[in-house]
Amino acid sequence: MSTSMVRRTAILVACMLFATQLRGQQSRNTVAFTGIELHDGLGRVLPEATLVIRGEKIAAVRAGGAQPGEKVVDLHGRVVIPGLIDANSSLSGGQGFNYNREDPVLPNLRVQDGIETLQNFHAGPVASATGLVVAYLSPGAWRPIGGQGVTIRLDGETLLDMQMIGTQFVHFSINEGALFPYGLGKAMPQTHMGIVATIRDELLKARRYARLRATARGSARPAYDPDLETLAEVLSGKRIARIDVDTAAEIERALSLAAEFGIRPILEHCVEAYKVRDLLAKAGFPVILMPYTQGDVYDVAVERKVLETPGWLAAHGVPVAFQTFGHGMPPYGNTYEYNEPQNLLLNGILQVRAGMRPEAVLSSITSVSAKILGIGDRMGSLGVGRSATFVVLDGQPFEYATHVEQVWIDGRRVFDAAHDPIVRR
Amino acid sequence: MRYRCVLQRVLVRNCLLVAALVLCGSTIAAQQVTAASHPPARVIVSAGGLWNGIDAPTGPVTLIIEDGRIAAVRRGRASASEPGHHFDFGDWTIAPAGFAISAAATPHDGTGLAADSRLIERADASAHQFLEGARAGATSFLLDAYPQATLGGTSSVYRPLDYWSENREVVPDVGVTVALRGRTIPPTRTAMEASWEVRKAMLLARDRKPAGEMGKLMAGSLAFQVSAPTLAEFARAVAVAREFGVHLLATGVHQVPVAPLPYDSVRVLLGAPSLDELPELWDTYAALQRQRISTGILIGDAPLPTLLALSRPYAAAHGLTEAAMLAAFTSAPADVLGAKALGQLTSHHSADFLVISGKLFDARARIERVFIEGREVFDRQRPRR
Amino acid sequence: MTAAILSTSPLLQATCEAQAATDVTLLCAARVWTMAGDPISNGCVQIADGRVARVGQRSDFDTSLPGVVDRPNGEIIPGIIDVHSHFTLRGDPRGAGEANERSRSFAPDLDILDAFDPYDPSVAHARSGGVTTALVTPGSIGVVSGRSALVKTTAPPLSQMVMRTPAGVKGTSWRPETYDVFDHWLGEARAAQARPSSDTAIAIKVGEQLLRREIPLVIHGGYPGGEIEPVLAIADKYALRLIIYHCESCDENYEELVARKIPIVVGPRIMYWNRGRETNLASFLMSKGLLVALASDASSGESRYLMDDAGLALHYGLTEKQALEAITINAARIFHADDRIGSLTPGKDADVVVLSGPVFRARTHVDLVMIGGRVWYER
């Protein structure tokens with residue numbers, strides 16, 4: 001162990017002591033946060049409201065003040081929103097994410113097996129300072145069939161306590177990232193034709209495997225194959241496909257593959273969604289959109305349409321979430337240190353300016369992304385019985401002048417800007 | 001850093017004393033009969049004090065060793081007329097020998113997968129390694145294939161009885177060695193890919209129940225032996241062990257999560273510690289003890305007396321006695337590895353011990369002699385007999 | 001590629017229409033940020049002959065005349081200045097575009113205006129975000145990569161856009177030979193000053209301009225591994241005007257910069273993870289008394305979000321005034337162009353941006369962009 005490791009451990013221990021202290025302060029009693037403007041993440045705004053938590057859960061959300069027996073925390077003038085949920089994050093698992101593109105088909109590659117500690121990629125405190133509580137880590141779009149991500153809580157230390165739900169998502173990629181395994185001219189796919197054929201072949205194999213495993217006897221019954229098991233679960237709906245697409249043509253291919261195999265995938269990135277809005281609205285699959293990246297070159301008029309598209313899709317019933325996972329790869333893409341595209345609240349400013357209702361933008365990074373990740377019954381909205389996971393802001397969301405003051409997860413305060421000044425101004 | 005400075009200061013201040021000890025040691029050596037390559041059936045060792053690896057130390061003592069095992073431990077010095085091969089170490093101290101990790105050679109096929117192989121066949125028990133271990137106070141080695149192989153083969157605990165002789169296994173089947181990290185063989189592998197190779201082998205073994213090592217791993221007769229030097233690797237190892245319900249033996253551990261482990265079939269070998277990481281070593285050791293996780297500490301480059309002497313304040317902060325500290329390096333790893341005959345100097349145990357000039361808990365103390373099964377295998381004055 | 005975008009661009013057509021519109025002579029809004037003193041509530045900016053004629057309270061002007069743009073809820077700011085841009089310099093990406101003449105590491109004779117493409121749509125893009133002046137500059141691959149120029153974001157011909165050329169010489173600090181190359185060059189230039197000649201090489205003439213402090217030396221540096229010590233030594237030895245771009249690790253050795261009052265251009269990254277904390281580099285360096293501007297380092301049209309970059313800097317600690325200064329008057333001062341741009345006082349170029357609401361607010365748009373007294377963009 002080096003001295004830096006010693007130092008890191010010391011910091012970790014200090015953090016833990018601090019956290020224990022905070023934990024100690026939480027009484028098991030009912031706590032009422034009064035005087036707040038409450039945005040419930042489902043489109044409702046309650047001015048002068050009270051949020052009551054008991055233990056890990058929300059006990060009440062009401063207009064007006066506290067009731068007898070409730071310990072009052074006056075948050076007058078503050079805005080309370082649900083904890084933010086990043087549907088596809090650029091947080092890195094360290095060495096888990098690299099550019100090794102060999103093996104075009106690896107459905108069982110798991111991000112959780114490559115994940116580092118939160119301290120190692122110093123995401124914990126910085127993520128908290130941006131109001132983020134849960135993030136989905138993706139294995140990247142480097143293969144036609146590329147493995148499984150994991151949804152983690154950002155108040156954990158190692159994957160033993162930050163992992164929140166299992167890995168029900170299997171990643172597919174129809175974009176350029178999936179090309180050229182082992183190099184140029186070496187192995188399929190070298191073209192989009194090759195990508196789609198690879199995916200189709202594997203899914204057909206899995207369909208046949210599942211049928212024979214269920215019906216055949218003796219030597220006709222295929223041997224157990226963990227890769228085909230996983231793909232068979234995608235076909236049966238037990239797992240959900242997440243398909244990475246950039247261009248409008250790739251979006252169309254993803255939609256036709258979904259129809260061919262009768263699956264309901266989530267579409268990721270969708271850079272050119274603005275060109276195929278009607279198709280996406282008709283399909284109704286959830287879309288996880290790229291953050292706006294400044295390098296994109298559009299005509300001013302086209303750009304306006306690009307920026308308006310998320311709002312248009314949401315208004316047409318498509319579940320729209322925003323992700324922080326851009327094409328920006330390391331060194332900028334893999335931690336929260338490069339704030340511009342990683343901060344869901346600041347990123348939302350551009351959507352608000354493009355005309356999307358602020359409440360719709362807020363839903364997209366709370367209740368909608370929670371629902372897409374399968375945790376909508378616990379997180380992403382502020383209602384009775386839900387997890388007491390919320391963010392206290394000093395002003396309206398989606399304004400540069402607004403800051404995160406506190407972050408609470410499961411009734412426990414995990415970040416307090418007053419005690420934990422992450423940002424040196 | 002601080003600890004290194006302390007050590008340096010201590011060493012500089014005492015270089016004269018050390019020189020004196022060297023002279024003294026050679027005088028004692030001259031009085032003894034050179035050990036035969038085949039030890040006599042009965043060996044009688046007298047010394048100024050004994051730490052048996054379990055209890056508080058005792059004063060002048062005599063060990064009666066028969067056929068490599070301790071037959072009796074007696075107070076006071078032995079009479080020269082007693083039949084047997086005599087060693088008298090004056091006021092020097094005797095303590096049990098400890099444990100270290102030994103790396104086996106890389107599997108040759110380049111896949112990083114060699115579960116059904118025995119590491120002992122690729123073990124590299126060179127004179128160098130043997131001497132390094134002896135100098136620091138370790139005589140028993142746990143084999144590992146880290147970091148070269150994802151699934152390295154079956155490990156064992158062995159002792160290189162001398163640097164020219166064959167390795168002798170004391171615990172033949174410990175575990176299947178695993179590295180859940182990237183950059184194993186082939187070198188482009190990520191941690192995700194390495195983990196998948198391991199998990200895939202385990203999934204198939206669970207389905208097919210093969211007769212080989214993977215089958216034994218899944219059935220619980222071999223441990224899931226994971227090298228886990230980083231916190232992330234340790235967490236990963238616990239997660240995979242929990243997923244498959246196998247017995248985890250985590251080795252080379254330096255850091256464990258603050259939160260209690262969600263799985264209890266876990267044994268841990270910490271270290272090997274360097275002198276500047278002693279504070280966290282004992283924090284981690286105490287944390288694991290609180291969770292009742294069987295834990296031992298491995299010995300690396302730093303010699304056992306120095307480790308013990310400089311550890312005292314950090315271990316004491318957790319309420320550990322000196323005897324308990326020594327046990328962490330001797331009887332505790334023996335327990336972890338199921339090496340019933342090793343790690344303590346009481347009746348019926350293997351006579352593997354260190355002879356230390358002066359007191360055990362003294363940074364100036366040196367390991368003068370090393371015995372395995374009652375046979376002298378190392379003499380600091382003549383390391384290359 | 002560029003031609004294809006151009007031929008289908010409705011923008012240029014819009015631009016031409018804007019040029020034909022009635023001349024605007026008075027701009028009024030709820031607040032006028034002159035960047036010279038406090039902002040004026042309910043103020044107006046009067047334009048004449050392409051310059052600011054008068055600035056004052058709305059009550060002092062006749063707003064009933066034709067040619068008045070009045071936004072009672074809006075705000076007026078000076079045209080935004082992006083002092084680090086590579087826009088329009090696309091070229092072949094294998095060669096890092098038109099910004100870098102990769103064959104040479106010493107090239108003060110190169111003029112960025114010979115690569116700058118006034119017909120590229122990223123000019124209109126930048127303008128739509130309120131950018132009225134850009135310092136277009138060569139890249140950072142050579143020790144000396146060429147001369148930069150200040151251009152207005154109007155429209156071709158190029159001669160109509162150029163405000164000042166050269167506006168600086170671009171160099172880098174990361175190459176090991178930095179000190180020796182500069183020392184040799186400027187030594188020669190100093191010697192040449194003593195014997196003026198009509199056929200002096202361009203490189204030497206440019207060196208003389210640096211020595212006369214007519215133009216600044218603009219250095220891409222201050223990265224970890226891109227130490228600025230060699231250029232500080234050169235600037236000291238030859239008494240140069242030095243400007244440093246990026247300056248990522250300058251929160252560690254800022255004393256050297258403060259002692260020499262060296263202006264810093266931060267961006268596009270503003271926030272840095274350093275020693276366990278996020279540091280707002282802009283506010284940190286400002287707090288040490290340095291003149292700091294924010295810039296986009298645009299490769300195409302990113303300049304249009306420079307106001308959002310400043311908004312981000314505001315989020316992380318700058319005041320509204322500081323954030324606005326960083327993209328207007330500070331940028332002008334750094335390049336000694338504050339006699340013409342960066343603020344709204346009588347006699348300055350009429351480069352004016354009208355916002356639909358308060359500056360740095362989510363729902364505020366750039367409503368109108370005036371450059372040199374002419375409206376070039378209207379939302």
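Naming convention: chains lettered A, B, ... in sequence-line order (proteins, then strands); numbering from 1 in each chain.
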Mind checking the [atom1]-[atom2] spacing from [X] to [Y]? Nearest 0.5 Å is all I need.
X: B/Gln255; Y: A/Thr158; atom1: CD; atom2: OG1; result: 10.5 Å
X: A/Leu109; Y: B/Glu197; atom1: CG; atom2: CD; result: 10.0 Å
X: A/Leu160; Y: B/Arg236; atom1: CG; atom2: CZ; result: 11.0 Å

Problem - Neighbourhood of chain B inside residues 217-227 of chain A, taking heavy atoms under 4.5 Å as contact - result: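 Only A/Ala223, A/Tyr224, A/Pro226, A/Asp227 of residues 217-227 of chain A have a heavy atom under 4.5 Å from chain B.
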Exercise for the section: Check each atom of B/Pro257 against the heavy atoms of chain A and say whether the ones under 4.5 Å are side chain, backbone, both or neither. Expected result: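 Contact with chain A: backbone and side chain both.
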Problem - Which atoms of B/Leu261 approach chain A - backbone, side chain, both or neither, heavy atom under 4.5 Å - result: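 Looking at B/Leu261, just its side chain touches chain A.
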Exercise for the section: Please indicate whether B/Asp301 has more than 12 foreign heavy atoms, meaning atoms of other residues, nucleotides or ligands, lying under 6.0 Å from its CG. Expected result: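 Check fails, neighbour count at 12 or below.
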Exercise for the section: Kindly check if the number of other-residue, nucleotide or ligand heavy atoms within 6.0 Å of CZ (A/Arg208) is above 12? Expected result: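 No, the 6.0 Å shell around CZ holds no more than 12 heavy atoms from other groups.
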Problem - Side chain proximity check, B/Lys200 to A/Asn108, heavy atoms < 4.5 angstrom - result: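 No, every pair of side-chain atoms sits at 4.5 Å or beyond.
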Handout entry: Least distance between heavy atoms, B/Glu193 atom then A/Arg143 atom
Key =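 Taking B/Glu193 first and A/Arg143 second, the nearest heavy atoms are OE2-NH2, 3.3 Å.
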